[in-house]
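Let me begin by presenting the structure, written as structure tokens, before commenting on it.
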Amino acid sequence: MCAAGRRWGRRQRALLWAVLLAAWEAAWGQLRYSVPEEMPKGSFVGDVAKDLGLHLPALRDQGVRVVSEGSTQYFALHGKTGHLVTAERIDREQLCERVQQCVLRCELIVEGEMQVYGILVEITDINDNAPSFRAAEKELRVSETTAPGSRYHLPEAHDPDSGRNSLQSYELSGDEHFSLAVQTGPGGDQRPELVLAKALDREEAAFHELVLRASDGGDPARTGTARIRVTVLDANDNAPVFSQAEYTVRVPEDVPVGSVLVTVTATDADEGLYGHVKYSIEKITEKGSHIFQLDGETGAISLLGNLDFEEGKSYEMEVQAHDGGGLSDTATVVLTVTDVNDNVPVLTVSSAVSEISEDAPSGTVVALVHVEDRDSGANGEVRCSLDEDVPFRLENSFKDFYRVVTARALDREQVSEYNVTVRAADGGSPALQSSAVLALRVLDVNDNAPVFSEERYSARLSENNAAGALVLTVRATDADWGQNARVRYRLSEGRVRGAPLSSYVSVQAETGALYALRSLDYEQVRELELWVRAEDGGAPALSSNASVRLQIVDENDNAPQVLYPPAGGAAGAGGARWGVELAPRRSEPGALVAKVVAVDADAGQNAWLSYELAKATEPGLFRVGLHSGEVRTARSPLARDAARQSLVVVVKDHGRPALSATATLSVVLAESVAELLAELGSAAEAAAAPGEAAGGLTRWLVLAVAAVSCLFVAFLLLLLALRLRRWRRRHLLPPDGGALRGVPVSHFVGIDGVRAFLQSYSHDVSLTADSRKSQLRFSAATCCDTLPARPLPDEPAPLLGDEDVAAALPTDPAAPSGEKSSIIQVGVEGRRYETDFVFCYCWEK
Ligand SMILES: *[C@@H]1O[C@H](CO)[C@@H](O)[C@H](O)[C@H]1NC(C)=O
Ligand SMILES: *[C@@H]1O[C@H](CO)[C@@H](O)[C@H](O)[C@H]1NC(C)=O
């Protein structure tokens with residue numbers, strides 16, 4: 001119809017419909033068929049040809065067509081058989097979704113006969129659709145506090161089939177907490193509902209998985225399922241719970257700031273906000289609040305400030321855990337601080353001296369130190385010590401106070417300063433220690449005398465030295481310091497040949513150089529023995545002595561001196577000597593004729609003399625002993641030898657250069673004394689011209705012998721007289737007359753090896769009535785036997801003036817002779833002394 005119909009005009013189409021309607025009215029009886037849906041294409045629907053009584057060939061020829069309503073041709077007519085067959089696969093649910101009876105209408109048009117036949121085809125349902133849910137999953141959120149019996153809508157399933165093939169029932173599987181209720185809606189539809197059969201607990205099961213199954217009534221039945229996921233919503237039904245009711249922690253005090261000491265944990269079974277636990281400190285001391293902090297989220301208690309055992313040994317705090325729903329729990333945290341040896345002992349020098357005299361007695365306090373350790377127990381027990389080998393020790397004076405005292409005598413000369421280290425160590429492990437240094441200077445005391453580098457000095461000095469010559473230098477050192485070590489030298493007093501030593505030598509006070517002050521003569525002084533004293537500048541000063549022995553070395557400065565033969569008048573010049581000797585003419589060779597005697601004031605080689613015959617009248621007749629000086633005949637004198645022989649002997653010493661002297665001897669060769677005398681006479685005559693040498697000599701010799709003899713006799717007489725007088729005075733005191741003479745009496749007294757010179761003076765005084773003039777003289781005799789002694793320094797004897805004596809003596813001439821003791825001041829070398837004088841006086845008649 002379509003292709004042809006379009007070609008027709010509107011008038012023609014309207015006409016066609018009018019004809020068809022009339023034909024429908026005319027042929028009332030319609031064909032009804034039934035066919036199940038979903039039959040394959042070409043399936044048999046009904047035998048139209050038979051039912052309409054049409055002939056098959058006619059059908060073919062007369063242009064028979066089937067026209068369906070709508071655009072889709074579901075049916076076709078099979079030309080050969082005349083059967084109505086399906087032209088398409090027919091889905092009942094698509095064609096008539098909500099219609100119970102699904103009928104398709106079509107027309108069979110027989111064009112040749114201009115006939116239209118109506119055909120109704122009922123499409124019957126088959127169970128080709130399963131019930132289905134729009135969403136395969138459904139989420140439900142149910143609070144755990146929801147009361148049992150509560151209902152929740154569940155998704156409905158849909159099955160487009162109809163009748164029994166459509167949805168018939170629901171069932172629920174999966175969980176005891178839920179049950180299913182199915183309500184019937186106003187349209188008869190079924191509405192599944194979820195009913196809470198049992199209280200939920202999220203903490204037990206947070207999710208419930210259910211399966212809702214929808215079934216139709218087909219055979220076999222088809223089902224569709226939906227998964228129901230019930231999420232249990234949390235309710236704050238659990239309070240946080242601490243893992244421990246009390247946390248006890250021991251913390252060493254040296255834990256660094258920021259360290260976590262303990263972490264408190266509380267758990268809350270709830271979830272989300274209700275299960276989110278936060279921590280806070282509920283109760284804490286003011287001090288603790290500055291030391292500890294609590295992390296609100298983690299519960300970690302960490303150190304905000306330093307712990308110090310010495311300040312706080314234990315802290316207690318209450319912590320609270322609370323969740324977002326306001327439920328909470330509390331726990332106690334007890335923190336015990338343990339001691340760590342973290343404090344160094346502190347040494348304080350309370351007072352100290354910086355200088356100490358070396359003579360300070362043992363036990364002198366040098367310093368007071370205080371020691372302190374803030375730790376407790378063994379960590380706070382402090383031991384103090386000093387270095388070994390210092391002369392100090394520690395004394396515990398009071399609790400933690402120590403005194404540093406000297407342990408023995410100090411000696412500045414050994415150690416002049418100390419750095420005394422006081423150490424303090426505590427008993428910790430490891431021990432902590434500290435130290436303090438006391439600087440101490442030892443002050444000098446004059447406790448060392450100067451010491452000479454040699455105990456005995458000796459030097460040799462050639463005689464005839466220049467005045468002021470340096471002899472030697474003595475040196476003394478003093479171990480002390482400063483003024484105490486300043487040495488000065490001084491010569492000890494002494495006398496040499498009656499003159500003070502200081503006129504011979506002097507020592508320079510500063511340098512110790514010893515100088516000879518005058519030219520020395522070996523022949524007078526062979527050796528000087530003196531003491532040099534070294535004295536330091538301390539108060540009192542200390543000193544020491546050294547002996548100096550100065551040997552004077554001889555020089556050949558004296559010519560030999562001929563003693564025999566004695567000097568002759570003629571031979572005075574040049575030191576020649578002259579004598580007359582007698583030699584018998586019959587003497588044997590070697591007979592001793594004379595001996596030249598000479599001396600030399602020098603010593604040693606310088607005084608070693610040798611004799612030589614320098615000139616002789618008859619050479620060869622005499623010889624001289626080289627060292628003896630003996631003149632002997634070398635041969636027997638002969639008659640022709642002259643009677644008078646003159647010999648010149650040279651005496652030489654061995655000095656360098658040698659000095660010499662000559663002696664001239666006259667030897668007379670005579671047979672007898674008469675001849676000798678004659679010879680002498682002739683000799684005198686011979687000598688008269690030069691000066692009567694021989695005669696004069698003899699005269700002088702005789703005179704000398706006589707004078708010597710007289711002197712000797714007189715001396716003997718004098719000695720006898722003196723002895724006699726002394727004897728008389730001793731036994732006949734007081735003597736009746738005679739002049740007495742004053743005497744000093746001196747004593748040397750030894751005391752402890754020190755030679756002190758003690759002196760008393762006694763004077764014998766003779767008094768005359770008129771002048772009462774006293775005479776003070778030295779004398780061995782005295783009228784007093786015992787004399788009191790009184791010490792006086794080593795000084796020359798004092799001299800008394802006449803007026804002193806006069807004042808001391810009685811004035812009455814009638815008084816008998818006797819003794820009187822008187823203390824008189826005397827001046828000696830510018831100083832004044834008091835001395836005890838005892839006067840023994842007698843009246844002179
Ligand atoms: C003592 O210490 C001072 C300063 O450290 C130093 O100069 C001095 O030499 C020391 N003295 C001794 C005897 O060690
Ligand atoms: C030193 O000599 C003086 C006098 O010569 C004497 O008094 C003193 O005791 C002497 N000292 C010593 C230490 O020998």
Side-chain angles (χ1 to χ4, degrees), residues 254 341-375 378-454 475-488 510 512 534-544:
D254 62 347
N341 193 18
D342 58 344
N343 285 295
V344 174
V346 179
L347 263 178
T348 322
V349 179
S350 307
S351 62
V353 297
S354 62
E355 294 177 337
I356 183 169
S357 177
E358 63 176 320
D359 63 353
S362 170
T364 304
V365 179
V366 170
L368 186 65
V369 294
H370 177 244
V371 65
E372 189 183 9
D373 192 308
R374 296 184 58 226
D375 292 322
N379 292 341
E381 271 169 25
V382 184
R383 274 173 295 104
C384 282
S385 63
L386 292 180
D387 288 339
E388 313 259 307
D389 70 356
V390 289
F392 301 95
R393 61 186 156 81
L394 276 175
E395 271 180 6
N396 189 251
S397 59
F398 172 70
K399 275 160 110 187
D400 297 332
F401 284 91
Y402 290 87
R403 276 197 302 249
V404 181
V405 300
T406 55
R408 53 177 193 264
L410 305 176
D411 187 1
R412 192 206 63 84
E413 283 71 39
Q414 276 176 14
V415 185
S416 63
E417 64 175 31
Y418 290 95
N419 284 338
V420 184
T421 308
V422 185
R423 292 176 208 287
D426 62 22
S429 162
L432 295 176
Q433 45 182 293
S434 61
S435 63
V437 176
L438 307 169
L440 203 60
R441 218 152 54 80
V442 183
L443 297 183
D444 188 43
V445 165
N446 192 22
D447 54 353
N448 285 286
V451 176
F452 277 99
S453 55
E454 290 170 45
R475 179 158 299 282
T477 50
D478 192 308
D480 291 323
W481 185 83
Q483 194 67 20
N484 292 341
R486 223 183 116 203
V487 180
R488 296 180 73 88
E510 308 289 336
E535 193 172 83
D536 62 23
L542 295 175
S543 67
S544 61

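Counting starts at 1 for both ligands and their atoms, in listed order.
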Just to be sure I understand the cut-off, which residues have at least one non-hydrogen atom under 4.0 angstrom from an atom of ligand 1? Glu417, Asn419

Side chain to side chain contact (heavy atoms under 4.5 Å, CB included) for Val404 and Val365? Distances and angles first, verdict last. CA-CA 6 Å; Val404 181; Val365 179; over 6 Å; no

Quick one: does Thr364's side chain have a donor or acceptor within less than 3.5 Å of a partner on Thr406's backbone? no

Under 3.5 Å, side chain of Asn446 to main-chain N/O of Asp480, donor-acceptor pair present? no

Scan residues 385-394 for pairs that pass side chain to side chain donor-acceptor pair (under 3.5 Å), counting only residues two or more places apart or in two chains. Asp387-Arg423, Arg393-Glu395

What residues form a side-chain hydrogen bond (donor to acceptor under 3.5 Å, both in side chains) with Arg374, not counting sequence neighbours? none

Please tabulate, for the side chains in residues 437-445, all donor-acceptor contacts under 3.5 angstrom to protein atoms that are two or more places apart in sequence or on a different chain.
{"unit_1": "Arg441", "atom_1": "NH2", "unit_2": "Glu355", "atom_2": "OE2", "d": "2.3"}
{"unit_1": "Asp444", "atom_1": "OD1", "unit_2": "Arg412", "atom_2": "NE", "d": "2.9"}
{"unit_1": "Asp444", "atom_1": "OD2", "unit_2": "Trp481", "atom_2": "N", "d": "2.8"}
{"unit_1": "Asp444", "atom_1": "OD2", "unit_2": "Asn484", "atom_2": "ND2", "d": "3.0"}

